[in-house]
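Worksheet: the structure to be examined is printed underneath.
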Amino acid sequence: MAMRLILLGPPGAGKGTQAKLISGRRGIPQISTGDILRQAVADGTPLGKEAKGHMDRGALVPDEVVIGLIRDRLAQPDCAKGYILDGFPRTVAQAQALDAMLGAMGTPLHHVVAVHVEEEALVERLSGRRTCSQCQRPYHVRFNLPKTEGVCDACGGGLLQRDDDREETVRRRLSVYRQQTEPLLAYYKGAGLLKELVGEGKIEEIAEQIDRIIGHAR
Ligand code: AP5
C-alpha cells in the first residue's frame, strides 16, 4: 500500500534525520527540496544560481521554482509507492499547489506529521550539525556522531557544515518558519491530516512514535 507523507517542522526539528529512517524502513523515497536545491547550487545549474542567494540569506526560494521542482519529482516512477516530503510545502501557496497536483493525479496525502522542538534546542542542533557532502545525511557534533570522525557512516563522504547553519542565519530561518510555514499547521488541521509530536529525546524513540502515528509496524 502506498504511503504519502509530509514531515512538517522548523529548521532543525529532525525532518531530514527521520525522513531518512522512514525511507530506509519503508522503501519509499525521501524528497527534500533543501537537498535538491543544495545539489543544484553545487552543480552550478540555472536553478542553483537562482536559489543560492535566497538560501544563503535564510529566505525561501520563490514558490513557483519549488512547485515546478516538486511537480517534476512526483512524476518519477519511484514515487508510485509513495514518498516522504521533507521541507515542502513551506507556504500556503505551496500547499494549495500540492493539493491541486495530487488531486489531478488521484493520489491524496495520507498524513502530515508535525514535529515540535523548542527554539533554543533548534539553534543548538543546527550550530552543531555536520552534513555529508555526498548523501546529505545529517550528523551532530554532540548528539549524533559518525563512527569515524568526519566521515559519513552511510557512504564514506566527508562531513561539512552547511553555509546556512551560522547562528545569525539560523535565527532568520526560524523567523521565516514562524511567519510563512507555521500557518500550515492550521491548514492541515483543517484538512483532517495533521498529527503532532514532540521531536525531543532519542532519535530512535521519535522514529518509533512516527511509525505508530503513520501505521503498520516496521
Ligand atoms: P532545508 O534543507 O529544508 O532546511 P530546513 O527546513 O531549514 O531544515 P533542516 O535541514 O535545517 O533541518 P531538519 O529538520 O531536516 O533537521 P535535521 O534532521 O538535519 O532548506 C534549506 C533552504 O532551502 C531553506 O532555507 C530555503 O532557502 C530553501 N528551501 C527548501 N525547501 C524550500 C521550499 N519548499 N520553499 C522555499 N524554499 C525552500 O537535524 C538537525 C540536527 O539535529 C542534525 O545535526 C541532527 O543530527 C540533529 N538531531 C536530529 N534529531 C535529533 C534529536 N532527536 N536529538 C538531538 N539532535 C537531533
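Indexing begins at 1, ligand by ligand and atom by atom, following the structure's order.
In summary, the atoms of ligand 1 found under 4.0 Å from a heavy atom of T17, numbered by their order in the structure, are 17 (P), 18 (O), 39 (O), 45 (C), 49 (C). Of all the atoms in ligand 1, the ones that sit under 4.0 Å from a non-hydrogen atom of F143 are 55 (C), 56 (N). Remark: ligand 1 atoms within the under-4.0 Å shell around heavy atoms of N144 are 46 (O). The ligand atoms of ligand 1 that sit less than 4.0 angstrom from a heavy atom of P10 are 14 (O). Near Y139, meaning under 4.0 Å from one of its heavy atoms, ligand 1 places the atoms 43 (C), 44 (O), 46 (O). The contact set between ligand 1 and L126, taken as ligand atoms under 4.0 Å from a residue heavy atom, comprises 11 (O). With ligand atoms numbered from 1 in the order given, ligand 1 contributes 50 (N), 51 (C), 52 (C), 53 (N) to contacts under 4.0 Å with heavy atoms of I203. Listed by number with element, the atoms of ligand 1 under 4.0 angstrom from any heavy atom of R38 are 2 (O), 21 (C).
No side-chain heavy atom of P11 sits less than 4.5 Å from a side-chain heavy atom of L122. At a threshold of 4.5 Å between non-hydrogen side-chain atoms, the residues E50 and V65 count as touching.
For atom 26 (C) of ligand 1, the choice among P138, A59, G34, G14 with the nearest heavy atom turns out to be A59. In this comparison of V61, T181, L37, the heavy atom closest to atom 37 (N) of ligand 1 sits on V61. Between K15, R90, M55, it is R90 that holds the heavy atom closest to atom 3 (O) of ligand 1. Nearest to atom 21 (C) of ligand 1 by heavy-atom distance, out of Q180, R162, R173, is R162. In this structure, of R125, R129, Q94, Q18, the residue bringing a heavy atom nearest to atom 19 (O) of ligand 1 is R129.
Close to ligand 1: G12, with a non-hydrogen atom less than 4.0 angstrom away. Using 4.0 Å as the threshold, K20 has no heavy atom nearer than that to any atom of ligand 1. For A51, the closest heavy-atom approach to ligand 1 does not fall below 4.0 Å.
Of the protein's non-hydrogen atoms, the one nearest atom 15 (O) of ligand 1 is G16 N, 2.8 Å. For atom 53 (N) of ligand 1, the nearest protein heavy atom (residue, atom name, distance) is G201 O, 2.9 Å. Of all protein heavy atoms, the one closest to atom 31 (N) of ligand 1 is T33 OG1, 2.7 Å. Closest protein heavy atom to atom 34 (N) of ligand 1: G87 O, 2.9 Å.
No part of V115 comes within 4.0 Å of ligand 1, judged by heavy-atom distances.
Other residues, nucleotides and ligands contribute over 12 non-hydrogen atoms within 6.0 Å of the CD atom of E119. Counting heavy-atom neighbours within 6.0 Å of R73 CZ, excluding the residue itself, gives a total above 12. Counted within 6.0 Å of NZ on K195, heavy atoms from surrounding residues, nucleotides or ligands total more than 12; the atom is thus considered enclosed.
Ligand 1 has no nitrogen or oxygen under 3.5 angstrom from a nitrogen or oxygen of G128.
With no hydrogens or angles considered, a side-chain donor-acceptor pair links D43 and Q39 at under 3.5 Å. Looking only at atom types and distance, the side chain of D63 has a donor-acceptor partner in the side chain of T91 under 3.5 Å away.
R166 has no carboxylate O lying under 4.0 Å from a charged side-chain N of D56, or vice versa, which leaves the two without a salt bridge. One finds a salt bridge joining D35 and K20 here, because a Lys/Arg side-chain nitrogen approaches an Asp/Glu carboxylate oxygen to under 4.0 Å. Electrostatic pairing of R171 and E167 counts as a salt bridge here, judged by a charged N lying under 4.0 Å from a carboxylate O.
A donor-acceptor pair is defined here as one N or O able to donate and one able to accept, closer than 3.5 Å; no such pair exists between the side chain of T148 and the backbone of V151. Under a 3.5 Å cut-off, the side chain of R129 and the backbone N or O of R162 do not form any donor-acceptor pair.
Here I84 contributes atom CD1 and I6 contributes atom CD1; the two are 12.0 Å apart, rounded to the nearest 0.5 Å.
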